[in-house]
Engineer: 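Take a look at this one; I'll ask things after.
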Amino acid sequence: MDEVGVGLFNRDMVRSIKQHWHDGGIGVIYVRFRIGNAASESVLQLWESEEPRMAWRQRLEWENFYLFARQPKDEPIDKLIEKAQERLNSKLRAAWAKAASKPGEDKDVEVSLGSAVAFPPATGRSSETVIFRMLMDAMEQSAYNLPIGTEHHEIGRQNGDMRKAIEPQTIEPQLQGKSVRIGTLAVPFPIFPARARVSEVAYLFDTNAKAQGAVIVDQGRPIGILMKEKLHQMLAGQFGLPLYWNRPVDRIMNNQPLIVDEQLPVEYVSQLAMARDFSQLYDVVLITKEGQMAGAASIRSILECITTLRTEAARTANPLTGLPGNEEIQHELQQRITLKKPFAVIYADLDYFKWYNDFFGFGLGDDLIRYVADLLRRERERFDGNGDFIGHIGGDDFIAVTGTEYAELLCQTLIERFDEGIKAFYGGVEVTTVEDRHGNLVEQEGVTLSLSLMLWDGEVPLAAEDIPRLAAKLKKQAKARKGSVYVMDQIIGMHHGEERK
């Protein structure tokens, strides 16, 4: 393998990946030290030096990215990555065992690992988008790997609840995963009027090494951008100076920059940015407030923010399903209410789930909970609900926040799909009766799904903490009915709910 390159998501890295992934793909191992120490650092350095297929690496404080490329006669890239990660795992476990045997030494070698692979993109997707998605997948996966330094604790998983028996204070506290508006990343950026001369912008770049580019405005509204690298390329040509030096800057600017309102979420803006043509990929994103120039955000600042958001969201997600937990749920509901736009809330839970757990075991119970989570995800995608939110309250309780225009149809489809799929969880056993929570036999053909659907018009006074209380009334109505049902009502007092089956 060639010399290992350094630098995250720069042109050289993208070029290196493109050179390698036609030989069978590219892979990344993401390493995050939750509590850094000398032992873990030395292990990582030793592992780096012994990996022959490592093609690129970058460290960002406590986060590390290692890209691997295969050669034509190597095993598949996913196997190559799997074995490299296992070698690192083994070294870290050995380091922890050694530290644990010596009194007074730092015994925390807490590291989260994640990996992902990528292949040349199909038509319609840029290479940069595929690479970015690979990096994000590896970081998300790391949240669901058991940190190596926690193996000396007794951990039990039961239907999504993680219980720690010894030394719970050694686990790093969860951070709240919250969406961030792009306006928070806005920083001042040089501004020039449309009729300014190219020479004026060039003088700025020559006298200010930190200036990445300049925004061209018309009465305070951004209409274009000229990046330093682009201008230098134009002026470096044989006729660059005489052609451009005294021309108005609007003649050579990029008149189609990415301009976004300050209220847009950072994640959405990152998708827009990564979908741009490669020639504009590293241009700053222009941010406006009420149409006026408010500042700009670099791609680096956006990616760093995305990394932080995804890491925090993954750490607070339910460990069984990977869905956002209660903190994110409350934050999402509050945000929706603040926007004062209509939305629908669906509370979903399983009937007779305790019976299923007791009869078939906790392992299959976990599988059933994951099935419901996957069902919610699939149906959201089928309805093209990109703006929808799905959360896992805990146990067998879920929540979905959707558009009011298709919420009822979504409930109908969820019930239909659930009833079709649940029979596979009985392993061929014919179920005619179940037990309720009091141990009484009930004539019922197994587990059913109860949905509470609430519609909000965006005007009725509402607080996020009111929604669970309102949902409880509908939940009681749904559970009083036999079979899988949904109960619907407007959030106006909950007096006129109607049952659907």
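Since this is a predicted model, take the numbers as computed values, not measurements. Start at 1 with the first residue, then count along the sequence. Computed over heavy atoms, backbone and side chain alike; hydrogens, waters and symmetry mates excluded.
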Engineer: Less than 4.5 Å apart, side chain to side chain, heavy atoms only: is that true for S115 and V28?
Structural biologist: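 Side chain of S115 against side chain of V28, heavy atoms only: no contact under 4.5 Å found.
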Engineer: So how far is it from F362 CZ to L368 CG, rounded to the nearest 0.5 Å?
Structural biologist: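 F362 atom CZ to L368 atom CG measures 13.5 Å (nearest 0.5 Å).
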Engineer: A quick test of your reading: do over 12 heavy atoms of other residues, nucleotides or ligands sit less than 6.0 Å from NZ of K354?
Structural biologist: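 At most 12 heavy atoms, drawn from other residues, nucleotides or ligands, come within 6.0 Å of this atom.
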Engineer: Just checking, any donor-acceptor pair under 3.5 angstrom between side chains of Y352 and Q444?
Structural biologist: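 Short answer, no.
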Engineer: Heavy-atom count check: over 12 atoms from other residues, nucleotides or ligands less than 6.0 Å from R87 CZ?
Structural biologist: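 Yes, CZ of R87 has more than 12 neighbouring heavy atoms, counting only those of other groups under 6.0 Å.
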Engineer: Might you work through the side-chain hydrogen bond (donor to acceptor under 3.5 Å, both in side chains) test for D349 and S450, ending with a clear yes or no?
Structural biologist: CA-CA 6 Å; D349 75 310; S450 290; 4.7 Å; no
Engineer: Is the shortest distance from a Lys or Arg side-chain nitrogen in E50 or K91 to a carboxylate oxygen in the other one below 4.0 Å?
Structural biologist: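 K91 and E50: salt-bridged.
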Engineer: Answer yes or no: does atom CD of E430 have more than 12 heavy-atom neighbours from other residues, nucleotides or ligands under 6.0 Å?
Structural biologist: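 No, not enclosed.
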Engineer: Evaluate the ring-ring contact (aromatic ring centres under 6.0 Å, His included) criterion for residues Y66 and W47: first the C-alpha distance (whole Å), next the side-chain angles of each, then the deciding distance (0.1 Å), finally the verdict.
Structural biologist: CA-CA 11 Å; Y66 300 100; W47 173 76; 5.1 Å; yes
Engineer: For Q330, does the CD atom sit with more than 12 other heavy atoms under 6.0 Å from it, leaving out its own atoms?
Structural biologist: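 Yes - once you tally the heavy atoms of other residues, nucleotides and ligands closer than 6.0 Å, there are more than 12.
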Engineer: Rounded to the nearest 0.5 Å, how far does CE of M454 lie from CD of Q490?
Structural biologist: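 Reported value, rounded in 0.5 Å steps: 11.5 Å.
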Engineer: Checking T448 side chain against S484 main chain: does a donor-acceptor pair fall under 3.5 Å?
Structural biologist: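 Pair absent, no side-chain N/O of T448 close to backbone of S484.
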Engineer: Testing the 3.5 Å rule here: is there a donor-acceptor pair between the side chains of Y406 and D388?
Structural biologist: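 Result is yes, a qualifying pair exists.
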Engineer: Say whether, by atom type as modelled, one donor and one acceptor occur between the side chain of R276 and the main chain of A273 under 3.5 angstrom.
Structural biologist: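 Yes, R276 side chain to A273 backbone: donor-acceptor pair under 3.5 Å.
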Engineer: When the aromatic ring centroids of F425 and Y371 are compared, is their separation below 6.0 Å?
Structural biologist: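 Ring centres of Y371 and F425 closer than 6.0 Å.
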Engineer: Can a salt bridge be assigned to the pair K83 and E75 using a cut-off of 4.0 Å between side-chain N and carboxylate O?
Structural biologist: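 Yes, charged N to carboxylate O under 4.0 Å.
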Engineer: Nearest heavy-atom pair of L449 and A348: which atoms, and what distance?
Structural biologist: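 Where L449 meets A348 most closely, the heavy atoms are CD1-CB, 4.3 Å.
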Engineer: Ignoring hydrogens, what is the shortest heavy-atom contact between F68 and E51? Give both atom names and the distance.
Structural biologist: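 That closest heavy-atom pairing would be CE2-OE1, 3.7 Å.
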Engineer: Which residues pass the side-chain contact (heavy atoms from CB on, under 4.5 Å) test with L264, sequence neighbours left out?
Structural biologist: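 Counting only residues at least two positions away or on another chain, L264 forms a side-chain contact (heavy atoms from CB on, under 4.5 Å) with I182, V260, Y268, V269.
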Engineer: Considering all heavy atoms of both residues, which atom of R336 and which atom of F343 are nearest to each other, and what is their separation?
Structural biologist: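 Looking at all heavy atoms of both residues, the shortest contact is CB-CE2, 3.5 Å.
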Engineer: If you measure only the distance, is there a donor-acceptor pair under 3.5 Å linking the side chains of Y486 and E408?
Structural biologist: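 Checked: Y486/E408 side chains pair up, N/O donor to acceptor below 3.5 Å.
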Engineer: Between the side chains of T413 and E379, is a donor N or O closer than 3.5 angstrom to an acceptor N or O?
Structural biologist: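 Note: T413 and E379 side chains miss the donor-acceptor criterion.
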Engineer: More than 12 foreign heavy atoms under 6.0 Å from CD of E405: is that the case here?
Structural biologist: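 Counting other residues, nucleotides and ligands, CD of E405 exceeds 12 neighbours.
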Engineer: Can you confirm whether Y347 sits close enough to I467 that some side-chain heavy atom of one is under 4.5 Å from a side-chain heavy atom of the other?
Structural biologist: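 Yes, at least one pair of side-chain atoms sits under 4.5 Å.
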